[in-house]
Amino acid sequence: MKIVEKNDNSLLVEITEKEFNLIRELESAVLISCKKEEIPTLTGWTREELLDFGNTLSKLARENNINL
């Protein structure tokens with residue numbers, strides 16, 4: 001993993017498929033393991049935001065043929 005570019009609160013990151021899949025698994029594990037009220041404390045996101053993020057990761061995986 002490496003940071004290609006950093007602007008204010010935004011990062012352009014280059015990651016491997018293995019790293020991408022770890023992020024997918026961690027997102028899923030948080031949803032499964034944590035109570036709804038614990039998720040913001042752990043992630044800074046609401047449960048709904050985390051679900052949306054997971055959907056975005058799944059969409060990116062489908063579009064780019066990245067299998068778990």
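Small disclaimer: the values here were computed from a predicted structure and weren't measured.
For the atom pair CG (Asn64) and NZ (Lys59), the distance works out to 11.0 Å, reported to the nearest 0.5 Å. Remark: Glu19 CD to Lys2 NZ distance equals 12.0 Å, nearest 0.5 Å. Here Arg62 contributes atom CZ and Asn67 contributes atom CG; the two are 12.0 Å apart, rounded to the nearest 0.5 Å. With rounding to the nearest 0.5 Å, the separation of CG in Asn21 from OG in Ser28 is 12.0 Å. Here the straight-line distance linking atom CD of Glu27 with atom CG of Asn55 works out to 8.0 Å at 0.5 Å rounding.
Taking both residues in full, the closest heavy atoms of Ala61 and Arg24 are given as CB-NH1, 3.4 Å, listed atom of the first, atom of the second, then distance.
The 12-atom threshold is exceeded at CD of Glu63, counting heavy atoms of other residues, nucleotides or ligands nearer than 6.0 Å.
Between Glu48 and Lys36 a salt bridge is recorded (basic side-chain N to carboxylate O distance below 4.0 Å).
Residue Ile66 shares its hydrophobic cluster (ILVMFWY side chains chained together at separations under 4.5 Å) with Met1, Ile3, Leu11, Val13, Ile15, Phe20, Ile23, Val30, Leu31, Ile39, Leu42, Trp45, Leu50, Leu51, Phe53, Leu57, Leu60.
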Should Glu25 and Leu68 be marked as a side chain to side chain contact (heavy atoms under 4.5 Å, CB included) after you check the CA-CA gap, both sets of side-chain angles, and the distance that decides it? CA-CA 9 Å; Glu25 289 297 320; Leu68 278 178; 3.2 Å; yes
